[in-house]
Amino acid sequence: MLPKAYEPQEVEKKLAEKWQNAKLFAAKADPNKKPFVIVIPPPNITGALHMGHAFTNTLQDVLIRSHRMFGEDAYWVPGTDHGGIATQNVIEKKLAKEEHKTRHDLGREKFLETVWEWYHECGNAIFEQFRKMGWALDLSDIRFTMDEKRARAVFECFKQWWEKKYIYRGKRLINWCVRCSTALSDIEVEHLPENGKLWHLRYKGEDGSDGIVIATTRPETIYADAAIAVNPKDERYKNMVGKKVIIPLANRAIPIIADEAVELEFGTGALKITPAHDATDYEVGKRHNLPVMTVINDKGKMINCPKKYNGMDRDVCRKETVKDLDAAGLLVKEEKYNHAVSKCYRCGSPIEPFMSEQWFVKMDELAKPVVKAAETEALKFHPDSWKKPFLNWMTNIQDWCISRQIWWGHRIPVWYCRECSKKGLTFATDQQGKEQLTKVSFEDGAQPIVSFEEPAECPHCHGHDLVQDPDVLDTWFSSALWPMSVFGWPEKTPEMAHFYPTSVMVTGYEILYLWVARMVLTGLDFTGKLPFKDVYLNGIVRDKSGQKMSKSKGNVIDPLDMTAKYGTDAVRFSLLMQAVPSKDIPYSEDSITGARNFCNKIYNASRFILMNMEDIKGPLAMPKEAKELADKWILDRYATAIKTAREGIEKYNLALTANTLYHFLWGDFCDWYIELAKQRFQTEEKEYVMALCVNILYNTLKALHPLIPFITEEIAASLRPFVNEKEEFLLNQKYPEFDAALLNADALKQMEIVQGVTKEIRTIRSQFNVPPGLKIKAVISATDEQELSVVNAQAAYIQLMAKVEQLQIGTNLAKPKQTATATFGKIAIYIPLTGLIDFEKEKKRLEKDIAAAKANIASRQARLSQENFIKNAPQAQIDKTKAELAAAQTLLAQAEAALADLA
RNA sequence: GGACAGUUGGCGCAGCGGUAGCGCGUCCGCCUCACACGCGGAAGGUCACAGGUUCAAAUCCUGUACUGUCCACCA
């Protein structure tokens, strides 16, 4: 005998291995089939996968498995991302913790070796998780954004964009992360609210006057001030424009200028202009030809400022400056100020606007076709509410800073001749005593040679002393090429020809600009084709109270813990039940129990059917005919469920698919059909009923397989002999087709009556505490001919489901004494319960019925008496309202009679 | 400052023109020979607020409030 409860662990382990060994998920590239392709958003190799990965990948897995079962050439391309800064940070932390070393202690080469070792370790852990989750990824064919083929793609893109002059070198104010010691692109900066302070500082006049008071959040940058700006319309300062004031503590004179960028209302209306350390100020400075002075270096230390502060940390200097200003009587006011501060998206430390020469990609030309694709909806978002923000971002796009001053990543494929570029190259000796190129300046004469490998010689002087640019590319540069590079682009591979463009991109909305936008851009630029036509944006998995999960908050749920405890299918299904496009999902361990219970329900229903198959030989085909009401009804419900399940998949509404199948299997199939079928197991109809049961169950398992692959595969294996299926894996079988011929509105209506009457009787049983084992009598009096005939014909169902021993059915039957009364439609139900009835309770019940009926009658009558309703509403609506009125009137009459009888 | 989304029973959500559904929780009764990870039943909602369109509005429109997200150079 099988155990009572489903135990997923063994089953999942076995099947996960079996699927991989059978190469079930490998690329087929079948030219006769329509391809359905998803490239996985490659997880960073920064550690174990979290709930967000579990969610987005499960969605993709469902789509892939479904389309495979729809008969398409479905292929899900697996891979991981080297994750630039994020990964380098992880390794640096690890080094610090385990060996108390920095990356400089190791040197560039040794450090990179360490990261590669980590990649193999961490990568394997990730693939193991892929396998455990049952994701249909071929683990013997993994791509990595830093492997040889992907590196070729990166180079090709760089070269082409260089030749088209999209890639250029420029000196400008960029976002600098002091902690990660690298430049960042604009979208890698987060603007987070912070409880800061606003300091009002006095700049005395050069002529000894009181001068002007400015407001700033960054007093440590006063040493780099180039001017004070006021709005030209500002009457307060009109006559001060052109005069000079003295920077406090620095004792340097700067002019007061007028510029539109200054807000009249903010602070004092006077703004200090610090071109080197603020983006707005930089623009103002350019307009007024102001000098650019840098007082904070790339390490976040003060430079070029009064001696006292030189070498200080920028935040220490801030405190000291404020203290000294206060002492000098130049600190006018200090107020609390809540504002947004720019932070590094990888480490959270404050971003420093920093003057620096970097590599950029010019975006305006590249963006144009992307905008067009989104506007014409050749590129479609799900949900489409993302179209507008996407277009807004694309049309306001800034040039993309692609160089990073870190070690881990694709090295910029540019070389310099030490002779010809001499003046533009700065070298330093690292801790290993090796000379390293640390800084490249095109302004000072560095001449680039774009090449994948070290060029044999300098094209200018034929010298052989060449060095590579020290920077690496933004990690998103290689990600941007992912939908092409996974298929071997720029090579003209068969995979590229067959699988590109892909079908849908499934990912979180938080990387829509960082990643999705750039994939579309590269795809259109290099292939002229969109890399995918659909973008399905999934939500974020949050904790129970809607907070983002994070280690520091301690509210992280580890998917592997959950799968170990409840089974992978349960975890998957719990996520899918809430999978509405773009919607964040609150998640906790409680979310899983319902899904786990469902899996158990499937298991037990199957176990029950298998038990009853023991004396049946051989396969049973799906019966061609429905014999009785229950059969007609369940086939209708089944057909509808399959139709809706498919629609859910096609419309990316997997919550719809999950919920539909859940309720069909549990609510309809188990609670009603199997319960009704039980009595037929003792008759010669058994084989017929079992044929229906086993085929409906098997097909429902198929429909569920994309969502919960393990349990369905396991049970299907036991059922297979009975449904004459030879194929071993559900994935290779056909998804059930919707069959409109199975629809049966009449059966649906009849069954509704059976269920309604049954429920009324059950309620009475429950309310009067009739013991479950006690069979009762019931009198059913129906006035409507149709209803009467249904009750007459299906009396056996009602007797079975409501546990009624004697059922008396007729028209206008008198209410027996001492009964409980209920009404369904126009059907009166009397349950004689001599000795069991609690009169007070029954009175209350009836009074409640009466009140409800009265309210119903009033509202329907009101509506029917409206001339406009009769005139304008469709006939069906009028008929329906009339029927509802009649039913309510019947209920009222019956309840009132019963109440009178009670007294 | 701009844009978008949400506001439905205790909690989490679905519904998106014909007077409310689901899961969890709560309460009551059941170890009914597949399942107590179960079965049956009950309680619980003026669908944020105010206008409007319509015969009819949770559902469409406008505005308000609150919540959240994204974008944006008010120091």
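Bear in mind that the values here come from a model prediction, so they are computed numbers and not experimental data. All heavy atoms count here, side chains included; hydrogens, waters and symmetry mates do not. In the text below, chain A, chain B and the rest are named by the order of the sequence lines, each starting its count at 1.
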Heavy atoms from C-beta onward define the side chain here; which of [options] lies closest to that of [X]?
X: A:Pro874; options: B:G18, B:A34, B:A5; result: B:G18
X: A:Lys848; options: B:G44, B:C55, B:C35; result: B:G44
X: A:Ala873; options: B:C73, B:C74, B:G18; result: B:G18
X: A:Met611; options: B:A34, B:A75, B:G41; result: B:A34
X: A:Arg607; options: B:C35, B:C30, B:U69; result: B:C35
X: A:Lys803; options: B:C71, B:U32, B:G41; result: B:U32

[N] OP1/OP2 closer than 4.0 Å to side-chain N/O of [X]:
X: A:Lys844; N: B:A42; answer: no
X: A:Asn872; N: B:C55; answer: yes
X: A:Trp666; N: B:C39; answer: yes
X: A:Lys388; N: B:C4; answer: yes
X: A:Asn597; N: B:G38; answer: yes
X: A:Lys583; N: B:A14; answer: yes
X: A:Thr881; N: B:G18; answer: no
X: A:Arg596; N: B:C37; answer: no

Under a 4.0 Å threshold between the charged nitrogen and the carboxylate oxygen, would [Y] count as salt-bridged to [X]?
X: A:Glu220; Y: A:Arg314; result: no
X: A:Glu352; Y: A:Arg218; result: yes
X: A:Glu589; Y: A:Lys565; result: yes
X: A:Asp543; Y: A:Lys548; result: no

Once you apply the 3.5 Å cut-off to both distances, tell me the Watson-Crick or G-U wobble partner of [N], or none.
N: B:U53; value: none
N: B:C47; value: none
N: B:A3; value: B:U69
N: B:C30; value: B:G38
N: B:C22; value: B:G12

Scan [X] against the nucleic acid and name what it touches under 4.0 Å (heavy atoms): base, sugar-phosphate only, or nothing.
X: A:Arg860; answer: base
X: A:Val770; answer: nothing
X: A:Gln866; answer: sugar-phosphate
X: A:Asn659; answer: nothing
X: A:Gln767; answer: sugar-phosphate
X: A:Tyr282; answer: nothing
X: A:His191; answer: nothing
X: A:Ala215; answer: base
X: A:Tyr337; answer: sugar-phosphate
X: A:Pro586; answer: sugar-phosphate
X: A:Cys599; answer: nothing

Test: A:Lys678 cationic atom under 6.0 Å from A:Phe608 six-membered ring centre, within 45° of axis: yes
Tell me whether A:Arg863 forms a cation-pi arrangement with A:Phe869, defined as NZ or CZ under 6.0 Å from the six-membered ring centre and within 45 degrees of its axis. yes
May I ask you to check whether A:Ser574 and A:Tyr587 show a side-chain donor-acceptor distance below 3.5 Å? yes
[X] has an atom [atom1]; how far is it from atom [atom2] of [N], in whole Å?
X: A:Gln875; N: B:C55; atom1: CD; atom2: P; result: 17 Å
X: A:Lys548; N: B:C70; atom1: NZ; atom2: C1'; result: 11 Å
X: A:Lys678; N: B:U32; atom1: NZ; atom2: P; result: 11 Å
X: A:Tyr6; N: B:C35; atom1: OH; atom2: C1'; result: 15 Å
X: A:Ile511; N: B:C70; atom1: CD1; atom2: P; result: 13 Å
X: A:Lys759; N: B:A42; atom1: NZ; atom2: C1'; result: 13 Å
X: A:Asn604; N: B:A34; atom1: CG; atom2: C1'; result: 5 Å
X: A:Tyr509; N: B:C71; atom1: OH; atom2: P; result: 11 Å

Using the [atom1] atom in both, what is the distance from [N] to [M], to the nearest Å?
N: B:G18; M: B:C31; atom1: C1'; answer: 45 Å
N: B:A48; M: B:G6; atom1: C1'; answer: 11 Å
N: B:A43; M: B:U7; atom1: C1'; answer: 25 Å
N: B:C66; M: B:C74; atom1: C1'; answer: 26 Å
N: B:G21; M: B:A58; atom1: C1'; answer: 12 Å
N: B:A56; M: B:G23; atom1: C1'; answer: 31 Å
N: B:G10; M: B:C49; atom1: P; answer: 14 Å
N: B:C27; M: B:G44; atom1: P; answer: 16 Å

Upstream residue (5' side of RNA chain B) when A:Glu675 and A:Asp281 are each assigned their closest nucleotide: A:Glu675
Comparing A:Gln578 with A:Lys272, nearest RNA chain B nucleotide closer to 5' gives the residue A:Gln578
Over all atoms of both residues, closest heavy-atom pair of A:Leu514 and A:Ile187: CD1-CD1, 3.4 Å
Ignoring hydrogens and angles, tell me if any N or O in the side chain of A:Glu263 forms a donor-acceptor pair with the backbone of A:Gly269 under 3.5 Å. no
Would the base of B:C35 count as contacting A:Lys4 through its side chain, where contact means a donor and an acceptor less than 3.5 Å apart? no
Are side-chain heavy atoms of A:Asp186 and A:Asn175 found at a separation under 4.5 Å? yes
